[in-house]
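Letters go in sequence order (proteins before strands), and every chain restarts at 1. For clarity, every value in this text was computed on a predicted model and none was experimentally measured.
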Amino acid sequence: MPVSTSGEEDDVPLPVFSRRRHTIKTEDDDEYVAPKVSRKREEKEKNDSEDEIVLYSKRKRQSKDKGDKRRKLKKVKKETKVREGVKEKRVEKESKVKKEKKVKKESKESTMKKESKVKKESKVKKEIKLKKEEQIKEEVDLYKWWENQDDFDGEIKWHTLEHHGVIFPPEYKTLPKSVRLIYGGEPVSLPPAAEEVAGFFGAMIGTENAKNPVFQKNFFHDFIEVLKENGGCPEAEIKEFDKCDFSKMYAYFEKEREKKKALPPQERKRVRDERLKSEEKYKYCLLDGRKEQVGNFRIEPPGLFRGRGAHPKTGKLKRRVYPEQVSLNLGKSAPVPSPPRGHKWGEIRHDNTVAWLAMWRENISNSVKYVRFANNSTLKGVSDFKKFEKARALKNYIDAIRTDYRKKLKSRLMIERQIATATYLIDVFALRAGGEKSEDEADTVGCCSLRYEHVFLKPPNVVIFDFLGKDSVRFYQEVEVDMQVFKNLRIFKKEPKKPGDDLFDRLDPSILNKYFHSYLPGLTAKVFRTYNASKTMQEQLDLIPNKGTVNEKVVQFNAANREVAILCNHQRNVSKGFEAGVQKMNEKIEEMQWRKIRLKRILLQMEKKLKKKKGDYFVEIDELSKETEKEIVERVLENEKERDEKRYTREKQKLDWDKKKLSKEEYKQKSEALKEDRKKRAEKFKEKSKQLKAEARSHKYELKGSMTVEKIEKQVEKLEERITNTNLQRKDKEDNSTVALSTSKVNYIDPRLTVMFSKKFDVPIEKLFTKALREKFAWAIESADAEWRF
DNA sequence: AATTTAACTTAGAAGACCAGGC
DNA sequence: GCCTGGTCTTCTAAGTTAAATT
């Protein structure tokens with residue numbers, strides 16, 4: 001145990017080790033040597049440097065504030081002056097763009113005409129659909145901010161802002177009287193507010209959440225609270241979760257779900273269109289006179305909080321939000337949207353330095369939720385663009401940063417060593433910053449918050465990371481690290497540290513980020529993730545040869561994307577149907593294999609000499625054992641039988657459904673026909689079954705006159721194609737089962753890389769970006785060419 | 001406090017499959 | 001035998017909201 005120095009512990013109750021930064025013995029010869037200075041001096045040094053940091057940041061802040069103010073003033077002046085001119089210019093530009101688009105459209109139409117003669121109707125339909133989409137897009141997305149980039153630095157985010165407020169979830173409608181909570185065997189009545197909460201849980205019976213004891217406890221606590229607030233339950237005092245029986249409620253919701261599912265399509269469409277129409281006006285807002293889309297204009301409905309991982313608050317009641325709790329952010333001269341009848345808005349603000357339209361405070365952890373612009377909006381686009389440009393700027397500093405941290409890995413100052421080591425981890429393993437978390441959040445960590453137990457050291461230089469990261473996604477990696485990093489980690493784990501203690505006891509994200517700022521203003525830990533993700537993507541794309549079909553190229557692109565996703569540890573849960581899906585695919589492949597072999601046997605039976613001509617072609621015949629074949633045949637038959645049954649019940653159902661519309665005579669006739677059909681099928685099946693089984697036994701086939709060698713060979717070829725295809729699909733499915741590609745595509749890979757790939761490899765961008773992403777990344781689609789590099 | 005990143009849920013689209021018509 | 005269009009199934013994208021960073 002090292003002797004603690006001076007009276008430092010007095011003020012801050014930190015464990016001893018966290019205040020120590022020297023004299024740590026290591027087992028290896030190349031041990032960490034404490035700086036050869038007196039303790040006093042060391043302390044001074046430390047204090048000095050710490051003081052300096054504080055002073056520095058203070059100074060910086062002051063000057064920054066001043067500068068900001070000055071800049072702000074200047075900016076406002078300049079912008080108001082310039083704005084008018086810009087506006088004019090913009091109008092000009094827009095009309096020009098419009099004209100250009102018109103011309104484009106016309107030429108497109110003429111080519112379409114030509115094509116339509118050749119192509120099928122359905123294709124034309126698709127094109128029309130696309131065109132419509134384009135038109136809608138044009139309406140919204142006329143403004144191309146990226147052609148006007150100069151007016152986007154500075155604090156001011158907008159000059160005028162109008163919107164229609166938010167949509168509130170519908171009021172609670174009480175359940176039918178018969179649908180009750182059962183308490184201790186007796187149905188009880190609940191005040192509507194409490195019934196609603198009970199219903200939230202009732203709807204979740206059977207889910208993993210509802211089985212989670214913490215979820216149950218939190219739910220029940222809040223349920224009782226609401227019950228008490230509303231006068232309680234007249235029949236019984238509800239105080240034990242285990243006495244509650246939600247099955248009536250569950251059954252009711254289940255039935256409602258079924259009903260909704262069974263709704264005829266037209267009715268569904270009608271409901272949907274109605275909803276869309278009533279929401280239309282909330283979808284758009286007016287920002288600096290331009291129409292822009294709003295993202296989440298709906299206030300979150302009440303429900304049970306579904307915290308991820310082992311969240312201490314999971315299951316708590318997320319309360320209903322009323323207009324009184326909602327603040328709107330609007331331009332000064334914008335009309336205030338009228339609140340729902342009988343209500344008032346909480347607050348009207350006019351803050352043009354922020355990018356939100358409305359906010360409210362939620363009751364789970366008392367944080368703020370915002371209504372923001374859509375992903376295709378100017379403001380989001382601008383910040384996305386800036387994000388990627390910042391990551392690209394890091395390119396010019398990364399060598400220096402790497403050289404520095406390699407050097408500082410051996411620094412005599414503990415804090416420097418920790419900074420260097422952390423930077424190494426962030427740079428190499430793409431860890432997140434790892435801010436401190438409170439007790440009432442899930443226990444997840446990032447770099448700075450890594451603890452003793454999250455890192456296992458295996459000499460000489462293997463490290464096993466095992467911890468829960470964001471969203472409680474497990475980060476597990478066994479990796480080789482730089483020798484010095486290994487030594488450092490060992491030092492950071494040195495006694496008296498024990499499980500539960502911070503590995504980087506001198507660090508938090510702000511310290512780390514301050515260090516990064518010294519290289520490049522605005523450089524933070526997360527920029528490294530963006531940089532390394534995009535860098536990796538660039539490298540991976542560079543490896544892809546420009547050949548093959550479009551689909552093959554897309555597969556290659558996805559493989560590159562997957563590398564990035566793995567780097568960023570973007571995982572997803574294996575979907576529940578996955579196992580079964582793979583199994584089914586395997587069976588399908590097996591079946592096709594069997595069909596192929598069967599065809600080849602037929603070929604041989606037709607012409608024996610074929611075997612001599614191309615022996616290899618027939619080798620696989622012997623690779624299918626009789627037992628397996630029998631199994632396959634039985635399975636094939638089983639499936640067919642099932643299908644026939646299903647088909648019958650379906651048609652019967654349909655007929656019964658239409659019963660009212662038909663005369664008795666008609667109905668009778670039709671059901672007779674159905675039965676007849678069923679009988680016929682059964683007979684046919686029996687025959688087929690007999691034949692296939694016999695074939696499997698004897699390998700003798702009944703040849704039909706229409707068969708020719710060429711035709712069968714063609715069929716074999718087709719099957720082969722399908723088999724390789726299905727195999728590929730299965731591999732893709734397996735490879736992607738636990739990896740989420742979209743997160744990196746949406747957030748980390750510079751979209752211009754995707755655009756570059758699209759142009760260079762002649763892959764339509766629609767194959768790589770969904771409609772939403774095409775809109776979000778419109779700036780990239782227009783600005784990158786085939787030669788663009790990250 | 002404000003913004004970005006993230007996985008989960010769900011609704012609807014795409015694809016597989018099949019029957020019936022040419 | 002091939003095409004087409006309807007139906008069922010599977011997959012995906014959009015939407016939602018939790019959980020990070022700064």
Check: Does A:Arg595 have any side chain to side chain contact (heavy atoms under 4.5 Å, CB included) partners at least two apart in sequence or in another chain, and if so, which?
Finding: A:Glu591, A:Val636, A:Leu719
Notebook entry, point to check: Are OP1 or OP2 of C:dT10 and a side-chain N or O of A:Lys584 less than 4.0 angstrom apart?
Noted result: yes
Check: How does each nucleotide of nucleotides 17-22 of chain C score, in 5' to 3' order, for protein heavy atoms under 4.0 Å: base (B), sugar-phosphate only (S), or none (-)?
Finding: SBBSSS
Next item on the list: Write down the distance between CG (A:Asn736) and P (C:dA13), rounded to a whole number of angstrom.
Entry: 12 Å
Note to self: Without decimals, in angstroms, what is the distance between A:Met204 CE and B:dT9 C1'?
What the structure shows: 12 Å
Notebook entry, point to check: For A:Thr738, what residues pass the side chain to side chain contact (heavy atoms under 4.5 Å, CB included) criterion, not counting sequence neighbours?
Noted result: A:Val574
Notebook entry, point to check: OP1 or OP2 of B:dA7 less than 4.0 angstrom from a side-chain nitrogen or oxygen of A:Asn573, does that happen here?
Noted result: no
Checklist line | Test side chain to side chain contact (heavy atoms under 4.5 Å, CB included) applied to A:Pro312 - qualifying residues, sequence neighbours left out | finding: none
Margin query: Using whole Å, what does the distance between atom P of nucleotide C:dT16 and atom CZ of A:Arg372 come to?
Written below: 16 Å
Note to self: Which residues pass the salt bridge (Lys or Arg N to Asp or Glu O under 4.0 Å) test with A:Arg272, not counting sequence neighbours?
What the structure shows: none
Notebook entry, point to check: Do any side-chain nitrogens or oxygens of A:Ser383 fall under 4.0 Å of OP1 or OP2 in B:dT4?
Noted result: yes
Check: Atom CD of A:Glu208 and atom C1' of B:dA7: how far apart are they, to the nearest Å?
Finding: 17 Å
Next item on the list: Please find out if less than 6.0 Å separates the ring center of A:Phe516 from that of A:Phe528.
Entry: yes
Notebook entry, point to check: With a 6.0 Å cut-off on ring centres, are A:His311 and A:Phe305 close enough?
Noted result: yes
Notebook entry, point to check: Closer to the 5' end of DNA chain B via nearest nucleotide, is it A:Ala355 or A:Arg275?
Noted result: A:Ala355
Next item on the list: Specify the separation, in whole Å, of atom CG of A:Asn375 and atom P of B:dA6.
Entry: 14 Å
Check: What pairs with A:Glu587 under salt bridge (Lys or Arg N to Asp or Glu O under 4.0 Å), at least two apart in sequence or on another chain?
Finding: A:Arg635
Next item on the list: Tell me what A:Arg257 touches on the nucleic acid: a base, only sugar-phosphate, or nothing, going by heavy atoms under 4.0 Å.
Entry: nothing
Next item on the list: Name the closest nucleotide to the A:Lys733 side chain, picking from C:dC11, C:dA14, B:dA7.
Entry: C:dC11
Check: Heavy-atom contacts under 4.0 Å between residues 738-750 of chain A and DNA chain C, which residues?
Finding: none
Item checked: Rounded interatomic separation in angstrom, taking NZ from A:Lys380 and C1' from B:dT3 -> 8 Å
Notebook entry, point to check: To the nearest 10 degrees, what angle separates the axes at the start and end of the helix from B:dA1-C:dT22 to B:dC22-C:dG1, five pairs each?
Noted result: 30°
Next item on the list: Can you tell me the distance, in whole Å, between the CH2 atom of A:Trp356 and the C1' atom of B:dT4?
Entry: 18 Å
Check: Sequence neighbours excluded, which residues qualify as side chain to side chain contact (heavy atoms under 4.5 Å, CB included) partners of A:Cys448?
Finding: A:Leu507, A:Pro509, A:Leu512
Margin query: Among residues at least two apart in sequence or on other chains, which ones pass side chain to side chain donor-acceptor pair (under 3.5 Å) with A:Arg361?
Written below: none
Checklist line | With A:Lys380 via salt bridge (Lys or Arg N to Asp or Glu O under 4.0 Å) - residues at least two apart | finding: none
Next item on the list: Indicate whether OP1 or OP2 belonging to B:dT3 is found under 4.0 Å from a side-chain N or O atom of A:Lys157.
Entry: yes
Next item on the list: Would you check if there is a donor-acceptor pair between the side chains of A:Thr378 and A:Glu292 at a distance under 3.5 Å?
Entry: yes
Item checked: Closest-nucleotide 5' rank along DNA chain B - winner of A:Arg361 and A:Lys588 -> A:Arg361
Item checked: Partner residues of A:Glu208 under the salt bridge (Lys or Arg N to Asp or Glu O under 4.0 Å) criterion, sequence neighbours left out -> A:Lys211
Check: What is the distance, rounded to the nearest whole Å, between atom CG of A:Asp351 and atom C1' of B:dA2?
Finding: 10 Å
